[in-house]
Amino acid sequence: MENNTNRPMTEAELLSSFEDAINYEHIFVSYQAQINHTTGKMVGAEALMRWKHPLYGMQYPTDFIPVLEKNDLIYKADLHMFEMVCRFQRQCLDERISMIPISVNMSRYDIYNHEYVEAIEEIRKKYDVPVKYLRIEVTESSAIGGMELVSSVLNKLHYYGYLVEMDDFGSGYSSLNILKDLDVDIIKLDMTFLSGDIGGRGGAILSSIVQMAKWLNTPVIAEGVETVEIADFLKSIGCDNIQGYLYCKPMVPDEFKEMLMKLKHEPITSSLELFKAMDAGKFWNPESMETLIFSNFVGAAAIYAYDQSDGSVEMIRVNQKYIKEVGEGRTEKEIFESSQWDNHDEVSHKAYEKAILKAIETNEEVTCENWRKICTKMCGEEKICVRSTIRVIGRGGDKYLIYAMVQNITKEKNWVNDIQERENLLKYGFEQANVYAWEVDLSTWDMRPCFRCMRDLNVPPVVHNYPEPLIENGLFPADYADMYRDWMKQLADGVGELEAIIPLTVGRIPFYVRYSTEFDENGKAIKAYGSATFVVDDKT
């Protein structure tokens, strides 16, 4: 007769009951769904081991799992779990119930003492379950003291097509080192970081972990989420996928099957999808060819994250040439600590952000030029003009990874502005003196007129086969055409100067026309500079 007193069993009782627990499925599976908090869709589930003894009731996993591990029975229990999951999935598939991936735990004892991967693969084939519906969870503690062995097991799992999740990430002391060395596909966050204070140091650490996972192209699931407040915080830092009592408690197979039929499903997607042209792992490796190229051969370059939801920019990486080209005396630390938009005024900000949005929309390189204000302790405030060629190299939701090659064109811009100012002065001078000016290339007979020639006389920006088109349109009267052609021949032959009063336009207005010739280092005439000044009648 069943008794539900839920009394914890002794180690001896657990061991003596183990075989019956397997044979009669007193050890069974409970399923807990994983939900995208943004969309409300199911992205997966975890298979949790439970034990309900007919006399002593439910046993806590923290009580019986250590006993099974100690006595080398966890391997058999894990395989039992895996088989129940495969059997459940096969039933759902046969009933045409849409299936999602289910994660099954792999103990460190499975790794060290048994051929676990080969055993689960035989079970999967037995039930003919597609491998895409199964994930294997390994805790980070499994890797401590045996990184090479764990890595080889993960390679086997990947060979057969399984995705691997790192469970309880952040609970150990070597999380970052393990993440660096183990090729896991999904990270499961340990929510003990928060300790009830989402605004404290734990929240900052979680935000950093999620951000780091994005650059590793690794999706994140937060487990143990019980409140909307925590779920919303996780969403705000880019972690949408959650598991916990907020959405559902662990449930028996029949209940979970009903949930499968009610909720829509979607796959877990990478936090950041990098373009195939860029291998993220190699790029962040300081010894890789990608990093070598970024640091030494591409000119000044930076990588930053752009969040389209709020327009914020976060600098991720710069090379030394970037610091030299546009740093204006700032250190790398100062560049990273400063707000990127603080360097732009409103016009510059809008222009640069418009270029980013165009790069996002077209998936092509976009170039823009804008002025930035740089403030340093040493030099004070300076303005520089930067030409940026930007391209999106990764995206995830509203966030984009931007690659920017930059060039400081301040001297070039200042030179152009100076030339423009000089041209303006020249224009005003020409206006005051009633002077028209042009130049003739004596090798191609292309003539380029001043703005007054174009404005007043409708001369095009370039006149080919000069002077024939202007003779044809009557700017040079027909009775002066041969004389003018002879002038061009004399200039090409090396005459230094020519001048005369010539009637121009159909109105035969008298102008004082003068030419001077430019020669190359060999004394060959290469250009002729002409001017025409209106002749004022002294009698008027």
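In what follows, every heavy atom counts, from backbone to side chain, and hydrogens, waters and symmetry copies are set aside. Starting from 1, each residue takes its place in the sequence as its number.
Inspection of the His464 and Asp446 side chains reveals an N or O donor paired with an N or O acceptor under 3.5 Å. Asp78 and Ser107 are not linked by any side-chain donor-acceptor pair at a separation below 3.5 angstrom, with hydrogens and angles left out of the test. Side chains of Tyr109 and His114: a donor-acceptor N/O pair is absent below 3.5 angstrom, by distance only. Using modelled atom types and a 3.5 Å distance limit, the side chains of Tyr127 and Glu83 yield a donor-acceptor pair. In the model, Asn370 has no side-chain atom that pairs as donor or acceptor with a side-chain atom of His349 under 3.5 Å. A donor atom on one side chain and an acceptor atom on the other are not found under 3.5 Å apart for Gln407 and Glu325. Judged by distance alone, the side chains of Gln32 and Tyr245 never bring a donor and an acceptor atom under 3.5 Å apart. Ser103 and Glu46 share no side-chain donor-acceptor pair at under 3.5 Å.
Using a 4.5 Å heavy-atom cutoff, the side chains of Ile242 and Tyr247 are in contact. At least one side-chain heavy atom of Asp240 sits under 4.5 Å from a side-chain heavy atom of Lys235. When side chains are defined from C-beta on, Met454 counts as touching Pro461, because their heavy atoms get closer than 4.5 Å. In this structure the side chain of Pro130 reaches within 4.5 angstrom of the side chain of Leu93, judged on heavy atoms. At least one side-chain heavy atom of Tyr160 sits under 4.5 Å from a side-chain heavy atom of Val117. Considering only heavy atoms from C-beta on, Glu223 comes within 4.5 Å of Asp167 through its side chain. Residues Lys383 and Arg372 fail the side-chain proximity criterion, which asks for heavy atoms closer than 4.5 Å. Taking 4.5 Å as the limit, some side-chain heavy atom of Ile323 sits within range of a side-chain heavy atom of Gln320.
Note that CG of Asp307 is 9.5 Å distant from OH of Tyr400, once rounded to the nearest 0.5 Å. Once rounded to the nearest 0.5 Å, the distance linking CD1 of Ile356 with CD1 of Ile402 reads 5.5 Å. Atom CG of residue Asp183 and atom CG of residue Leu154 lie 7.0 Å apart, to the nearest 0.5 angstrom. Interatomic distance, CG of Leu246 versus CG of Leu234, reported as 10.0 Å (0.5 Å rounding). Between the SG atom of Cys385 and the CG atom of Asn408 there is a distance of 8.0 Å, given to the nearest 0.5 Å. With values rounded to the nearest 0.5 angstrom, Met106 atom CE is found 12.5 Å from Ile74 atom CD1.
The heavy-atom pair separating Leu260 from Cys92 by the smallest distance is CD1-SG, 4.2 Å. Between Ala119 and Tyr75, the shortest heavy-atom contact is CB-OH, 3.4 Å. Between Tyr322 and Met315, the shortest heavy-atom contact is OH-CE, 3.8 Å. The two residues Arg135 and Val43 make their nearest non-hydrogen contact at NH2-O, 3.3 Å. Looking at every heavy atom in both residues, Arg50 comes nearest to Pro61 through NH1-CG, 3.5 Å. Shown here for Ser348 and Trp371, the closest heavy-atom pair between the two residues is OG-O, 3.0 Å.
Note on ring orientation: taking the six-membered ring where Trp is involved, the planes of Phe256 and Phe88 are tilted (angle from 30° to 60°). By the 30° and 60° cut-offs, the orientation of the rings of Tyr352 relative to His344 is tilted.
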Item to complete: Walk me through it: do Glu353 and Tyr306 pass the test side-chain hydrogen bond (donor to acceptor under 3.5 Å, both in side chains)?
Response: CA-CA 9 Å; Glu353 192 161 19; Tyr306 170 74; 2.6 Å; yes
field: Derivation and outcome, side-chain contact (heavy atoms from CB on, under 4.5 Å), residues Leu134 and Arg124
entry: CA-CA 9 Å; Leu134 291 160; Arg124 185 191 69 80; 3.7 Å; yes
Task: Worked verdict on Lys350 versus Lys354 for side-chain contact (heavy atoms from CB on, under 4.5 Å) - done: CA-CA 6 Å; Lys350 287 182 178 179; Lys354 182 179 179 181; over 6 Å; no
Val29 vs Leu48, side-chain contact (heavy atoms from CB on, under 4.5 Å): CA-CA, chis, key distance, verdict
CA-CA 6 Å; Val29 179; Leu48 301 168; over 6 Å; no
> Checking side-chain hydrogen bond (donor to acceptor under 3.5 Å, both in side chains) for the pair Glu121/Tyr162: CA distance, chi angles, key distance, verdict?
Replying inline: CA-CA 10 Å; Glu121 182 62 8; Tyr162 295 93; 2.7 Å; yes
Q: List the steps, then state whether side-chain contact (heavy atoms from CB on, under 4.5 Å) holds for Leu189 with Val220.
A: CA-CA 7 Å; Leu189 286 178; Val220 177; 3.6 Å; yes
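Put simply, the side chain of Arg387 never gets that close to the backbone of Cys368: no donor and acceptor are under 3.5 Å apart. In this structure, His265 contributes its side chain and Leu263 its backbone to a donor-acceptor pair below 3.5 Å. Of the possible polar contacts, one joining the Asp185 side chain to the Val164 backbone as a donor-acceptor pair under 3.5 Å is found. In this structure, Asn36 contributes its side chain and Met42 its backbone to no donor-acceptor pair below 3.5 Å. At distances below 3.5 Å, at least one donor-acceptor pair connects side-chain atoms of His80 with backbone N or O atoms of Ile27. Panel note: side chain Gln89, backbone Tyr133; a donor-acceptor pair is recorded below 3.5 Å.
With salt bridges taken as basic N to acidic carboxylate O contacts below 4.0 Å, none links Arg391 and Glu364. Of the charged side-chain nitrogens involved, at least one lies within less than 4.0 Å of a carboxylate oxygen, so that Lys156 and Glu118 count as a salt-bridged pair. One finds a salt bridge joining Lys257 and Glu95 here, because a Lys/Arg side-chain nitrogen approaches an Asp/Glu carboxylate oxygen to under 4.0 Å.
No more than 12 heavy-atom neighbours from other residues, nucleotides or ligands sit within 6.0 angstrom of CD on Glu346.
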